Structure formats: structure tokens, C-alpha cells
Amino acid sequence: MNLATGGKAVVDAAGPLNIYTIGPSLDEPDDPDAWRRLVLSDVLARHLARSGAQVKVAVGLADLDDRTLSAARAANLSRADYVAGVLARIKARAQSLRLLPETIFEPASASVPQALDICRKLLGKGQAYEKLRSVYFDVRRDKRYGNMHLMDMDKLSVGKTVDLDDYVKDNPLDFTLLKRASLQDLKLGDVIETEWGNVRPSWFVQIAVAGLSALGRVDVLVAGEDHQFPHLENLRVVWSAAGVEPKAWLADRKLAREEGVALDLDALIAQTGNAGGLRLWLLSAAYRKPLSASQQSLSMWARNWHKVQETACGLRLAQGAGGNKGKDIPEDVAQAVFDLKAGLAQALEDDLSLHRYWPRLFTFVKLVNGWLSAGNFPGAAAALCLRQLEAADAVLGILDLSQMPVPGGSLPDAVRALVDEREAARKAKDFAASDALRARLAASGFRVEDTAQGPRVYALASV
RNA sequence: GGCGGCAUAGCCAAGUGGUAAGGCAGAGGUCUGCAAAACCUCCAUCCUCCGGUUCAAAUCCGGAUGCCGCCUCCA
């Protein structure tokens, strides 16, 4: 696993492990860059949990910052009402994107007293100072500040583009802990009364404290490219005051946007087909490289998703169907299953490099499709392949298990009768009748596809 | 202007010294009532450009060009 401090971090999966991700800004809850990050940390959490760790995952949401306030005001809502709405929306989205249900979404407003405590502590230690009713962190009081290899502090040209006279900070690198409230904040009641006056906690304090409040301790932080500096340094410093030192810091890259491609999440889901397709696409490239959001790239991953899903469907039917005499697994099947399993483990363990797993998956899919279409695939072998695919999916969460074909034996009698009738019509080359029966099946909520191994029946997604 | 990152086929993308994975698109074939798939074959003498190191470089070094991020709001 890569560490933002330059090297690799080895995370011990033996004990409890807390993963914290910086969530979307509340004025832009559908930000696809944020969701790429959330899906990545979800996969990390699933993987570590399967490796035996006791994993807790939380997503930090800054709901007291200027962006949230101005979004609420633009929507003509109180801050609390606006936040409640957005939070509900984010949670619904998380569910539809199959984030682990135990993922905690932690708004900063839930832990204001802790935020103030940390500020008092920093002031008490002399690491922070008050000026004109705002509280700032003094970066010169932290020897390690700037050591994260994110930015060479000596080369930072401080004040190059800033008129230093506009700052009340002692040093331009110092960052705000508590910001004095504006008159408008005061009027709308979006302030916190403290010994320093009416203030609001800064983004850094909000995110830092939300993490502590949700998890108690942060072991792995998943951030975005544009959080790298100074956000990560600032979080580190605040956490350090609370005695918390994350072991690993990850930062993923943003989407590579293309002219004319809509990047709101719903449009992306439509283009990648469904939630599983979106997850697959979000995970398709190395997280430390930009993810191409071009039309071609999206449709490519939609097709790739479909291919994997189809293979899972084929296996589902083949595992029960005929040819299951003998428990012998052909050697090439055992090898393919082993390769798939090893490929995933290797990819996950080496810096979550799933981009190196996809070729293995496609190889597996192609092999399986070959066996499947040859028609003499032993049921036990199909079952083994399917089990491995499902094991992989427990980490990846890309397959749509609700869209699996229904084995003939499990269909309602009436539906099965229609399917049989349609097969008879097809045999008799009465295609008009066959198409009519397909329409009747659709009306009963089923979709039929013909394959060399007989008709494949799916339950249509319930609307 | 400063700092950092990236540059591989029409597109996406692996590959950090030993002679270019994989996918999408495309071409041809098999299968096919329709629909949807699937299977087989082909598709980069070359990795942005220029110079250097080496027996050997897409991979290392120097330079050029282009793109992205940060250094400015949020903070």
C-alpha cells in the first residue's frame, strides 16, 4: 500500500483497522472524484475485512464550511435542513453503489465540542494562537510540518501570488482552526459561541474531528489528489494533537474529463449500464493515475462489465445442469481458478493495483466461455468457477446478483409452461408464435434469451 | 512565475534495463429465425521529440514540447 510520505506502508490486518475517507463536499454530493475515492476505500475495507481485520470505515463530511452554507442559502434552506437532505441523498447513493452497509457517514456538526477541545489543547500547548477572533495553527511550532513529501517546503514560494498584507496570520502557511463568523453567519445562526467569539471550525478541523468522532482512531486515510497539500499536513497536525497517527495515507487522482461527457453520477451510471458497471469503471485504472471519462472509455467498461456478468450467468446455469457425473475438476479448470484467485490477491496486496487484475479476469472469462460453449462442462467445474468469481466479487462488488438467470426448475409453473411452449414453437419454426410467447413472458416479468444450451430466463428488474 | 506528476496503437491501459500484457473499436471466419451473446484468426519492428549512459532502454540521465495537480477562494 502506498504511503503519501513516499514509500510503502504495510498495514497489519491482524487487529482492528479504521479507514477514513474524505467525502464529497456537501455542495456537490455527486462529485464523481469523491465517489471514486469512496469505492476505492470500500474495496480496501472489504479486502482487509476478508483478510481477517476488524475494519471500520467512515466518510468525513464537512457540513459547517462556507461551501455548505452558501449551498444551503442558495437553496433557501436552513443549514440543518440542507445538510439532512444531502446526507440522506449520499447514504442512498452509497447503498446503490454497494458500499458496505456499516460505512459511517459522519458530519462534522455532530462533534463541535470535540473540535473546540482540540483547539483549546493546541492553544494550551502554544501550537496555535488567536488573532482578531480567529484561531490559527502555527506551523513553525510543528517540526514535522512539511515532511510528508507532498511539497518541498523550502521551495514553496510563499506569498508569491498573495498580498501578505491581507493576511492577519503570522505566517502565510499557518492555517485556520476556527474562523470568525461573518455577519450573515451570525444573522442565520450558523455560528458557535466560544471564548474567542462567534466562530466556525475550519475545514481541516471539521474533517479531522469527524474522523476521530466516528472512528476514535484513523489508521488509513483515503484522500484525493487535490487534498495533498496542505490538507493532509494539516490533518496530520490536528490528529497528532489528539495522539492519532495514521499508518497510511492514500491519495487517488481525479477523472480525466472530456468535452461533452456529462459527469454527474446518474449520467455515468447510465453510460456504464448500472451500479456494478460504474464500480468497475471507477476501479478500472490505477488509482494513482487519472481515470479517463471519455465516451469510448465508459462504453468499453460497460461492455466489459456485461461480459463478466454474462459469464457468471452462464456458470450459474451450468453448475446445476446435466453433465455432473463425477466430481473430477479438469486440470485446466483448476489452473484457471487458481490463477484468478492468485491474481486478485496479488493485485490487492500490491497497492490495490486492480488494474493488473482485469486482464486476468478477462482471460478467465474467455476460458470459461470457451468451456461453456463447448457444452460438455462438468457441473462441478462450473460450480467451482462460479464460487471463485463470487469470492472475487465479495471484494469488488461489481456483479449484479439480482440479474442472474433463473434455472428452469425454479421458475413458476406457469412461466415454465410458456418457456416450454415457446421452445416447441421455435422447434416447429413457428416464429410468430415464439415472438408472441416472448412478449407474454415479458408481461409476466421474464426475459428470454436463446443459447445453444437452451433458453435462458431472467427475471426482469422489478421496477 | 515556483513545485510535483504524467506522456505507450483510433481509444483505454499494463509494462522501471533484456527485446511491447489485456480490453474497446475495426477486419475476416464459425455459430445464428429474430434478439442477445459467444468462440477462432488478424490488428504497435515500436513506446512525444532531441541528445547521453550501456553489450542491451519504452524503462536510467540531461534537455525540449504537451497535458494534469498544487502554490489563490472554500481552508
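Just so we're on the same page: letters track the sequence lines, and every chain starts at 1. Since we're looking at a predicted model, the values are computed, not measured.
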Taking B/A75, B/G33, B/C12 as options, the one with an atom nearest any side-chain atom of A/T176 is B/A75
Let's see if you can work this out: which of B/G33, B/C12, B/A14 has an atom nearest to the side-chain heavy atoms of A/R422?
B/G33
[atom1] of [X] versus [atom2] of [N]: gap in Å, rounded?
X	N	atom1	atom2	value
A/Q296	B/C11	CD	P	8 Å
A/Q228	B/C70	CD	P	10 Å
A/D350	B/A14	CG	C1'	13 Å
A/I207	B/C74	CD1	C1'	12 Å
A/Y287	B/A13	OH	C1'	18 Å
A/R253	B/C67	CZ	C1'	10 Å
A/L282	B/A13	CG	P	14 Å
A/E233	B/C3	CD	P	19 Å

Could you tell me how far [M] sits from [N] if I compare only their [atom1] atoms? Round to whole Å.
N	M	atom1	value
B/A20	B/A9	P	16 Å
B/C6	B/A13	P	14 Å
B/C47	B/U59	P	9 Å
B/C67	B/C42	C1'	33 Å
B/C11	B/C3	P	32 Å
B/A7	B/C12	P	13 Å
B/U16	B/C61	P	14 Å
B/G4	B/G18	P	28 Å

May I ask you to check whether A/S25 and A/D27 show a side-chain donor-acceptor distance below 3.5 Å?
yes
Pairs meeting criterion side-chain hydrogen bond (donor to acceptor under 3.5 Å, both in side chains) with involvement of residues 435-447 of chain A, two or more places apart:
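Pairs touching residues 435-447 of chain A that pass the test: A/R447-A/E449.
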Taking only residues at least two apart or on different chains, which pairs with a member in residues 70-86 of chain A satisfy side-chain hydrogen bond (donor to acceptor under 3.5 Å, both in side chains)?
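The answer is A/D63-A/R79, A/R73-A/Q184, A/R73-A/D185, A/R73-A/D190, A/S78-A/D81.
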Between [atom1] of [X] and [atom2] of [Y], what distance do you get to the nearest 0.5 Å?
X	Y	atom1	atom2	value
A/R257	A/S292	CZ	OG	11.5 Å
A/D393	A/L401	CG	CG	6.0 Å
A/H306	A/T311	NE2	OG1	10.0 Å
A/F377	A/C385	CZ	SG	4.0 Å
A/F137	A/D142	CZ	CG	5.0 Å

With a 3.5 Å limit on both atom pairs, tell me what [N] is paired to, counting Watson-Crick and G-U wobble, or say none.
N	result
B/G51	B/C61
B/G4	B/C68
B/A21	none
B/A38	B/U30

Indicate yes or no: at least one non-hydrogen side-chain atom of A/L389 is less than 4.5 angstrom from one of A/L361.
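Yes; the side chains approach each other to less than 4.5 Å.
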Heavy-atom distance under 4.5 Å between the side chains of A/P201 and A/V209, does that happen here?
no
Within the modelled atom types, does a donor on one side and an acceptor on the other bring the side chain of A/T363 and the base of B/G22 under 3.5 Å apart?
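Result: no qualifying N/O pair found.
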With a 3.5 Å cut-off and heavy atoms only, can you find an N or O donor on one side and an acceptor on the other between the side chain of A/R438 and the base of B/C34?
yes
Can you name the closest pair of heavy atoms from [X] and [Y] and give their distance?
X	Y	value
A/A425	A/S434	CB-N, 4.1 Å
A/I118	A/V238	CG2-CG1, 3.8 Å
A/W35	A/P24	NE1-CG, 4.5 Å

By a strict heavy-atom criterion of less than 4.0 Å, which residues belonging to residues 21-28 of chain A are in contact with RNA chain B?
none
Expected output is a numbered-order residue list: members of residues 355-362 of chain A with a heavy atom under 4.0 Å from any atom of RNA chain B. What is it?
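A/H355, A/R356, A/P359, A/F362 - these, ordered by number, are the residues of the stretch whose heavy atoms sit under 4.0 Å from the strand.
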Could you check whether A/A374 gets within reach of a base, just the sugar-phosphate, or nothing at all, counting any heavy atom under 4.0 Å?
nothing
With sugar-phosphate meaning primed atoms plus P, OP1 and OP2, does A/D226 contact a base, only sugar-phosphate, or nothing at under 4.0 Å between heavy atoms?
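It contacts sugar-phosphate atoms only.
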May I ask you to say whether [X] pairs ionically with [Y], meaning some side-chain N is under 4.0 Å from a carboxylate O?
X	Y	answer
A/D450	A/R422	yes
A/R456	A/E310	yes
A/E233	A/R236	yes

A/W203-B/A75 aromatic stacking (under 5.5 Å, under 30°):
no
Among A/F175, A/F204, A/W196, A/Y129, ring-ring contact (aromatic ring centres under 6.0 Å, His included) partner for A/Y136:
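Result for ring-ring contact (aromatic ring centres under 6.0 Å, His included) with A/Y136: A/Y129.
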If the cut-off is 4.0 Å, is A/K179 near the phosphate of B/C74, judged by side-chain N/O to OP1 or OP2?
yes
Whichever of A/S292 and A/K429 has its nearest RNA chain B nucleotide further upstream toward 5':
A/S292
I'd like to compare against my own output: the B/S/- annotation of nucleotides 36-42 of chain B with a strict under-4.0 Å heavy-atom distance to protein.
BSSSS--
Between the protein and nucleotides 26-28 of chain B, are there any N/O to N/O pairs under 3.5 Å, and if so, what are the atom names and distances?
none

